[in-house]
Amino acid sequence: MAKNIVSLIKANSSVCHLAQIHTHLIRTHLIFDVFHCNAMLNAYNQVSSPSKAFSFYRHMRSLGVRDNSFSSSFVLKSCAKIPSLHHVQQIHGRILQGGHQSDSLLLTSLMDVYSICRDLESVRKLFDEASQRDTVTWNVLISSFTSNNRTRDALLLFDAMQSPEYGSEPDDVTCLLLLQACAHLAALDFGQRIHQYADDHGFGNLFKIRNSLIAMYSRCGSVDKAYKVFDEMSERNVVTWSAMISGLAMNGYGREAIDAFIEMRRAGVIPDEQTFTGVLSACSHTGLVDEGRKLFDMMRFEYGLLPNVCHCGCMVDLLGRAGLLDEAYRFIVNEMRVQPDAAIWRTLLGACRIHRYVDLGERVIKHLIELKAQHAGDYVLLLNIYASAGNWEAVSDLRRLMKERGIHTSLGCSTVELGGKIHEFIAEDDSHPRKNEIYAMLDEIAQQLKIAGYIANLDSELHDMDDSEKDSALYYHSEKLALAFGILATPPGRTLRIAKNLRICVDCHNFTKVLSNVYNRMVIVRDRNRFHHFKGGFCSCNDYW
DNA sequence: CTAGGGTTAG
């Protein structure tokens with residue numbers, strides 16, 4: 001009899017039936033049998049009702065059912081879907097009470113769920129106190145760092161885990177996680193190290209590693225290396241092609257990205273949503289309006305894919321950047337089947353900045369405020385629009401408003417990688433051990449650039465200060481510090497790679513253009529949006545003027 | 001007594 005009910009639970013795929021079974025279990029007192037309870041927990045997870053799983057767990061606990069490690073394992077799974085630190089702590093407590101603290105699989109699940117709840121301290125504590133740590137334990141720790149904005153620390157773990165003290169071997173998953181971290185930091189040297197490691201250990205040819213390498217090299221601004229990886233592959237799946245297409249697109253090779261898309265179809269690989277995100281963004285960065293429109297239709301009518309917010313964002317960017325701002329606005333209001341999110345409005349705001357559309361910019365900000373999603377960066381864009389239109393009154397009004405509402409712009413932060421070590425610069429930062437040299441170098445560079453015709457663009461400094469203060473504040477933008485350090489610490493002619501958390505400002509953009517000429521350096525800056533390849537006084541992007 | 005678990009490509 002009891003066996004039948006378990007198979008009934010397993011066979012059921014609806015929350016409604018499970019609720020009936022729940023009632024039945026109570027009536028028949030079978031609910032006091034942990035085996036039945038665990039089957040229920042598992043079933044709720046499988047019909048993706050994590051909250052039902054958790055309330056069932058609470059119910060069985062309140063009845064005093066003796067749960068076991070299976071129960072914890074099942075209910076942890078549901079916690080991963082609806083993160084709640086409070087719930088996780090309760091389960092953690094039960095695991096300890098039940099004496100399962102040396103079940104390493106249970107502990108790694110627990111670490112993962114703490115990480116999802118953004119409680120890294122607990123993750124770390126569990127890790128440190130674990131009786132044994134295998135590669136997976138390390139991977140979970142690394143993953144908890146990479147998914148919680150601690151990418152730099154994640155990279156450090158690659159060496160730590162291999163140290164004689166621990167002696168864990170990184171595996172393919174470790175490499176994947178670290179490649180993503182490198183992509184995030186634009187850490188090319190470190191990425192190459194991981195590449196080498198993967199090749200040496202026999203998993204360099206896995207699809208997931210190769211595909212991840214393409215993305216990493218692209219996001220480090222090295223399309224040629226990404227292409228080499230791509231080219232050497234004898235088989236390519238949709239992820240491979242999409243990674244290559246996006247890589248080309250984000251580095252300014254829009255035409256090549258579209259060609260790759262055509263070649264992909266010829267090779268018989270079916271594009272999916274993300275492929276279209278890549279190829280549409282290629283169109284928008286390159287200003288290929290007609291191609292973009294055609295591809296948008298192809299996606300819907302030939303492949304039956306529903307446009308998501310990313311696709312629509314690309315279309316808005318495409319139209320907006322091309323100066324068709326009213327059409328872009330109509331597209332959002334009339335044609336989008338999905339609810340426009342903040343990113344969509346923000347894209348349009350960016351186009352308003354490029355084309356100096358003050359009125360539309362103000363309307364867009366209202367939409368953002370409606371969504372309660374206005375970031376500091378949005379106000380900065382609007383400030384930029386006012387400033388470029390010479391409306392200083394509006395600039396100071398908006399600045400006052402920002403002050404009143406307590407909107408703080410986040411600090412600019414740039415990173416440079418040197419010999420596998422990540423150097424971080426924050427605006428007006430003086431924490432770097434070589435700060436004196438760096439500031440002296442920055443002085444020298446500024447003098448050289450002024451001779452070559454660089455003039456500080458004071459409009460870029462949007463804080464409330466007088467011109468001479470502006471001059472020096474601009475001076476200490478994080479990317480300039482990173483540039484000075486790069487010039488200082490690398491041999492002449494070496495390409496400089498910088499990753500920045502915010503959008504590069506017009507002044508830094510000019511500064512870098514002139515610098516690339518005067519110092520004869522390639523400079524590759526990845527900002528929040530895309531890459532800028534500076535060479536001989538020019539930049540590959542057409543967003544700044 | 002039965003049952004199951006950790007990280008993971010664009």
Side-chain angles (χ1 to χ4, degrees), chain A residues 2-7 9-10 33-43 45-46 67-80 91 95 100 103-116 123 126-127 130 132-147 154 157 161 168 170-180 183 198 203-219 226 229-230 233 236-250 257 260 264 269 271-279 281 310:
Chain A
K3 263 230 160 85
N4 290 340
I5 292 180
V6 170
S7 43
I9 296 171
K10 282 185 186 164
D33 176 16
V34 69
F35 184 53
H36 286 86
C37 288
N38 290 348
M40 285 296 285
L41 290 174
N42 196 17
N45 274 334
Q46 273 165 15
D67 59 340
N68 56 22
S69 62
F70 290 88
S71 327
S72 305
S73 169
F74 287 134
V75 76
L76 270 178
K77 252 194 197 170
S78 63
C79 267
I91 300 162
I95 291 173
H100 303 296
D103 184 334
S104 63
L105 275 75
L106 208 46
L107 284 184
T108 40
S109 300
L110 198 53
M111 279 169 68
D112 187 44
V113 183
Y114 269 123
S115 155
I116 292 170
V123 177
L126 277 166
F127 180 85
Q132 52 195 18
R133 302 177 197 91
D134 60 8
T135 299
V136 180
T137 323
W138 282 96
N139 289 346
V140 174
L141 184 67
I142 293 172
S143 151
S144 75
F145 279 174
T146 55
S147 52
L157 297 178
M161 68 188 286
S168 282
D171 64 1
D172 53 337
V173 176
T174 320
C175 290
L176 282 176
L177 290 164
L178 292 174
L179 285 174
Q180 288 173 326
F203 34 79
N205 277 322
L206 294 174
F207 258 127
K208 48 187 181 182
I209 293 285
R210 298 246 110 194
N211 293 344
S212 191
L213 280 169
I214 295 172
M216 181 277 290
Y217 282 128
S218 302
R219 299 200 61 202
V229 174
F230 172 85
M233 290 171 73
R236 301 180 183 117
N237 61 18
V238 59
V239 179
T240 318
W241 284 100
S242 307
M244 195 64 245
I245 290 168
S246 308
L248 289 165
M250 73 176 79
M264 163 184 182
V269 179
D272 67 8
E273 276 116 340
Q274 295 201 55
T275 324
F276 278 103
T277 305
V279 74
S281 82
C310 293

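Reckoned from all heavy atoms, side chains included, excluding hydrogens, waters and symmetry mates.
- In terms of modelled atom types and a separation under 3.5 Å, the side chain of A:D112 and the main chain of A:S115 share no donor-acceptor contact.
- Across B:dA3, B:dT7, B:dA9, the shortest atom-to-atom separation from the side chain of A:V239 is found for B:dA9.
- Of all nucleotides listed (B:dT7, B:dG10, B:dA9), B:dT7 comes nearest to the side chain of A:V136.
- Of the listed residues (A:L179, A:I142, A:L157), just one forms a side chain to side chain contact (heavy atoms under 4.5 Å, CB included) with A:T174, and that residue is A:I142.
- Comparing B:dT8, B:dG5, B:dA3 by their nearest atom to the side chain of A:N38 picks out B:dA3.
- Stacking of the aromatic ring of A:F70 onto the base of B:dA3 is found: the ring centres lie under 5.5 Å apart and the planes are inclined by under 30°.
- Residue contacts for A:T277: at a heavy-atom cut-off of 4.0 Å it reaches no nucleic acid atom on any strand shown.
- Between A:H100 and A:D103, the side chains place no donor N or O within less than 3.5 Å of an acceptor N or O (distance only, hydrogens not considered).
- The backbone N or O of A:G278 lies less than 3.5 Å from a partner atom in the side chain of A:S281, making a donor-acceptor pair.
- In textbook terms, a nucleotide whose glycosidic angle is within 90° of 0 is syn, and B:dG5 is one such case.
- Contacts of A:T137 with the nucleic acid, taken as non-hydrogen atoms under 4.0 Å apart, include base atoms.
- A:N45 comes within contact range of no nucleotide atom at all, as no heavy-atom separation falls under 4.0 Å.
- Looking at the side chain of A:S73, the nearest of the listed nucleotides B:dG4, B:dT8, B:dG10 is B:dG4.
- Residue A:D272 places a side-chain atom within donor-acceptor reach of the base of B:dG10, judged by atom type and a 3.5 Å distance cut-off alone.
- In the interface, the side chain of A:S109 is not paired with the base of B:dG6 through any donor and acceptor atom under 3.5 Å apart.
- In this structure, of B:dG10, B:dA3, B:dT7, it is B:dT7 that holds the atom nearest to the side chain of A:V173.
- When each of B:dA9, B:dT2, B:dA3 is scored by its nearest atom to the side-chain atoms of A:D33, the top-ranked nucleotide is B:dT2.
- Applying the 4.0 Å criterion to OP1 and OP2 of B:dT8, one finds that A:Q180 has every side-chain N and O outside that range.
- If you check every strand for non-hydrogen atoms under 4.0 Å, A:N42 touches nothing.
- One donor-acceptor pair, N or O on each side, does fall under 3.5 Å between the base of B:dG6 and the side chain of A:D134.
- Comparing atom distances between the A:T108 side chain and each of B:dG6, B:dA9, B:dT7 picks out B:dG6 as nearest.
- A donor-acceptor pair under 3.5 Å is formed between the side chain of A:N45 and the backbone N or O of A:F74.
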